[in-house]
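Each chain gets a letter, A, B and so on, in the order the sequences are listed, and its residues count up from 1. Below, each value reflects all heavy atoms present in this structure, side chains not excepted, and no hydrogens, waters or symmetry copies.
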Amino acid sequence: MRVLAREQASKGDDSSKGEPGRFERQRQEKLSAIRQMGIDPYGGRYEGAESAADIRSGYKEDDESQRAKCAGRITLLRDIGKLIFMTIRDWSGTIQVGLSKKLMGERWPLAKLLELGDIIGAAGKLGKTKTGEITIWADEVTMLSKSLLHPPEKFHGLSDIDLRYRQRYVDLWSNPEVMELFKKRSAILSTIREYLKGLGFIEVETPMMQSIAGGAAAKPFITHHNSLGMDLFLRIAPELFLKRLLVGGMEKVFEINRNFRNEGLSRQHNPEFTMLELYQAYADYNVMMDLTEEVTCLLVEKYCEDTKVRFGDTSIDFARPWRRSSYAELLAKYSGCDIDDIDSLRKKAAELGIEQAQMDDTVVVHEVFEATVEKNLSNPTFVIDYPAALCPLTKTKRDNEAYAERFELYVAGMELANAYTELNDPAVQEENFRLQLRGQAESMATMDSDFVTALKYGMPPAGGLGIGIDRLVMVLTGATSIRDVVLFPLLKPTTDWDPKRDKSRLGTP
RNA sequence: GGGUGAUUAGCUCAGUCGGUAGAGCAGCUGACUCUUAAUCAGCCGGUCGCAGGUUCGAAUCCUGCAUCACCCA
């Protein structure tokens with residue numbers, strides 16, 4: 001990867017690290033010149049500016065007295081001598097500002113000092129140029145923030161993928177489609193919240209720091225509380241707390257928040273990721289399936305041009321109804337193995353290079369499922385009725401205790417959602433916890449006996465659903481890497497990183 | 001964890017057989033009152049990711065390390 005711009009700027013003509021580079025010094029000189037003109041280069045409250053998009057759409061051809069006021073960053077600059085055109089970008093788009101020596105008068109020297117990256121406000125008559133571009137002919141220009149670092153190339157923007165993630169603040173304004181994507185992500189979340197509230201759900205917040213990391217099978221991050229002298233886990237799932245709320249009498253709850261899993265990074269995995277979890281009393285996994293399909297299709301309708309959405313070099317067809325197939329059917333179709341034929345499944349696992357000697361039969365089955373089925377599920381597919389052994393928090397099917405009332409939704413080969421008919425029998429739950437704990441390290445796995453206590457008071461039968469929001473945004477926007485839909489994805493530090501430091505910073509006395 | 005590739009100017013990228021570093025953009029100087037990635041002329045700008053090695057000579061070949069990307073587990 002490349003060194004950060006700031007560090008790179010300090011190379012070359014500077015011997016010591018941290019000193020400003022050539023370009024930064026030039027910009028510092030302009031900043032000083034602005035100060036000498038009695039102007040604060042960092043501005044202040046600036047009122048009355050309209051968005052660039054509103055200015056454009058509000059332009060009236062026949063109104064010669066129309067004025068406009070904008071604020072934003074200079075992203076293009078064309079200096080024609082006594083006339084300067086600049087393209088100002090705000091988060092709605094761009095608007096052209098024309099600065100002329102005649103209109104600027106004694107402020108003209110300021111206009112000449114402005115450069116790419118500076119943030120300014122401008123006001124003046126709104127008109128069109130000879131070539132038809134809507135333009136604010138500025139008679140007032142306000143310096144709002146001097147940019148001291150060199151902007152990326154004006155045409156290609158910032159394209160180094162590593163730099164884009166590390167300096168998202170530059171990526172956002174130099175690559176407008178990135179801004180659009182994150183605005184869309186926010187809109188998607190708003191739509192989900194509105195939809196759920198419309199169904200009578202309430203949004204809640206449950207602990208991110210938990211003394212027992214439950215609700216999923218994943219390695220947790222461990223942190224430490226100094227005054228209590230105890231380790232805590234960052235949550236891997238909110239499930240067990242949300243279900244306590246069902247016990248408490250909250251009938252429809254949801255939470256949209258971060259989960260943390262101490263596992264590998266990939267195009268589909270960031271260690272912290274945003275999860276929607278919801279629970280509905282008196283429902284089951286069929287209700288959850290309908291809800292998942294409804295809300296996703298609503299989002300596709302709202303945020304995609306068509307039910308067919310491009311994703312990498314494939315396309316996803318969200319047209320309803322979505323396929324619903326049982327786990328066993330799909331396993332048979334794609335691995336060629338019968339789910340009850342463990343010998344052939346172990347043989348298949350061996351062919352696939354899965355280290356399965358130490359694994360329970362059910363784990364082997366699931367490994368084969370993951371290796372053979374998942375990548376084939378491109379269009380939305382509900383995989384229903386999982387082997388009960390994989391589902392310690394799920395009610396089993398009434399007619400067959402070997403299977404649980406659980407589905408996972410797969411799209412583009414990714415697990416997008418996971419839902420159960422929630423197990424509400426405390427005795428069965430306690431037994432499942434015991435089975436789950438067997439053979440695990442003591443520190444990692446503790447029985448959540450309070451959750452069992454809660455169930456003993458009585459939890460209504462319920463459907464529960466989790467949707468991976470980052471992955472949902474990926475399929476809705478065609479982003480093939482989770483890092484493209486997370487503003488600040490986790491990256492390794494590039495410099496001055498000492499692994500020893502981390503221990504000492506934990507704060508253990 | 002393994003494999004492959006990438007890392008060159010502020011940014012976007014070239015760099016042939018190993019012969020001593022290039023372009024565009026931006027920056028600086030100058031010209032220009034209707035430009036649209038403005039244009040024109042001139043100029044500046046590099047520890048070629050880092051550390052070693054081979055060689056008369058390394059951006060180029062070799063080893064190690066770092067970060068990123070992709071593939072595999």
Side-chain angles (χ1 to χ4, degrees), chain A residues 1-17 20-30 74-89 93-104 108 111-118 127-138 147-167 170-171 173-176 263-268 312-313 349-356 367 370-371 375 480-484 489-499:
Chain A
M1 70 123 251
R2 309 207 174 159
V3 192
L4 301 192
R6 175 172 281 281
E7 286 150 25
Q8 210 143 23
S10 71
K11 291 206 300 193
D13 50 352
D14 290 293
S15 47
S16 62
K17 238 183 162 182
R22 175 170 60 102
F23 291 111
E24 190 172 348
R25 277 204 315 270
Q26 279 174 2
R27 282 172 174 255
Q28 286 279 11
E29 282 162 20
K30 291 190 178 178
I74 301 170
T75 52
L76 292 172
L77 191 146
R78 300 171 286 279
D79 185 343
I80 328 281
K82 297 186 183 70
L83 182 65
I84 300 171
F85 290 104
M86 38 184 71
T87 302
I88 302 296
R89 174 173 293 284
T94 60
I95 184 77
Q96 177 164 271
V97 170
L99 303 174
S100 71
K101 189 177 182 187
K102 199 174 166 188
L103 274 172
M104 290 289 288
W108 182 243
K112 280 292 199 184
L113 281 169
L114 296 174
E115 59 193 329
L116 293 176
D118 291 350
K128 270 191 179 173
T129 59
K130 285 177 186 169
T131 50
E133 182 80 18
I134 296 171
T135 300
I136 298 174
W137 292 104
S147 175
L148 291 175
L149 293 176
H150 218 66
E153 218 250 11
K154 64 187 179 186
F155 186 60
H156 297 94
L158 192 62
S159 73
D160 183 291
I161 195 161
D162 185 48
L163 259 187
R164 287 185 42 225
Y165 297 145
R166 289 183 194 279
Q167 299 192 305
V170 177
D171 189 31
W173 61 263
S174 72
N175 296 321
E263 289 165 1
L265 284 69
S266 80
R267 311 187 78 187
Q268 282 126 42
D313 45 14
E351 278 172 31
L352 293 163
I354 297 165
E355 289 280 341
Q356 34 111 8
E367 290 281 331
E370 288 185 334
K375 61 174 184 287
T480 54
S481 170
I482 196 169
R483 291 181 164 194
D484 290 328
L490 185 76
L491 299 167
K492 289 193 201 174
T494 54
T495 50
D496 301 329
W497 183 66
D498 176 7

For [X] versus [Y], what's the shortest heavy-atom pair and its separation?
X      : Y      : answer
A:M104 : A:A111 : CE-CB, 3.9 Å
A:L113 : A:D118 : O-OD2, 4.3 Å
A:W108 : A:S100 : CZ3-C, 3.4 Å

(message) Tell me if the NZ atom of A:K101 is crowded by more than 12 foreign heavy atoms within 6.0 Å.
(response) no
(request) Going 5' to 3' through nucleotides 32-39 of chain B, assign each nucleotide B (protein heavy atom under 4.0 Å from a base atom), S (under 4.0 Å only from sugar-phosphate atoms) or - (no protein heavy atom that close). (result) BBBBBBB-
Suppose you measure atom [atom1] in [N] against the same atom in [M]; what distance do you get, rounded to whole Å?
N     : M     : atom1 : answer
B:A41 : B:C32 : C1'   : 12 Å
B:C25 : B:C68 : C1'   : 24 Å
B:C56 : B:A9  : P     : 30 Å
B:G22 : B:U60 : C1'   : 15 Å
B:G42 : B:C61 : P     : 36 Å
B:A23 : B:A14 : C1'   : 7 Å
B:U67 : B:G49 : C1'   : 8 Å

(message) Counting only side-chain nitrogens and oxygens, does A:S481 get under 4.0 Å of the OP1 or OP2 atom of B:C70?
(response) no
Sort out the partner of [N] for me: Watson-Crick or G-U wobble, both distances under 3.5 Å, none otherwise.
N     : value
B:C65 : B:G49
B:C28 : B:G42
B:G18 : none
B:G1  : B:C72

(request) Nearest whole angstrom, please: distance from the C1' of B:U7 to the CZ of A:R166. (result) 13 Å
(request) Could you tell me the separation between the CD atom of A:E24 and the C1' atom of B:A26, rounded to a whole number of Å? (result) 16 Å
(request) Remember a base hit wins even if backbone is also touched, and classify A:R27 as base, sugar-phosphate or nothing at under 4.0 Å, heavy atoms. (result) nothing
(message) Within the 4.0 Å heavy-atom criterion, would you say A:G98 contacts the bases, only the backbone, or no part of the nucleic acid?
(response) nothing
(message) By nearest atom, which of the nucleotides B:G10, B:C11, B:C68 is closest to the A:R483 side chain?
(response) B:C68
(request) Drop me the distance from A:M86's CE to A:L114's CG, to the nearest 0.5 angstrom. (result) 4.5 Å
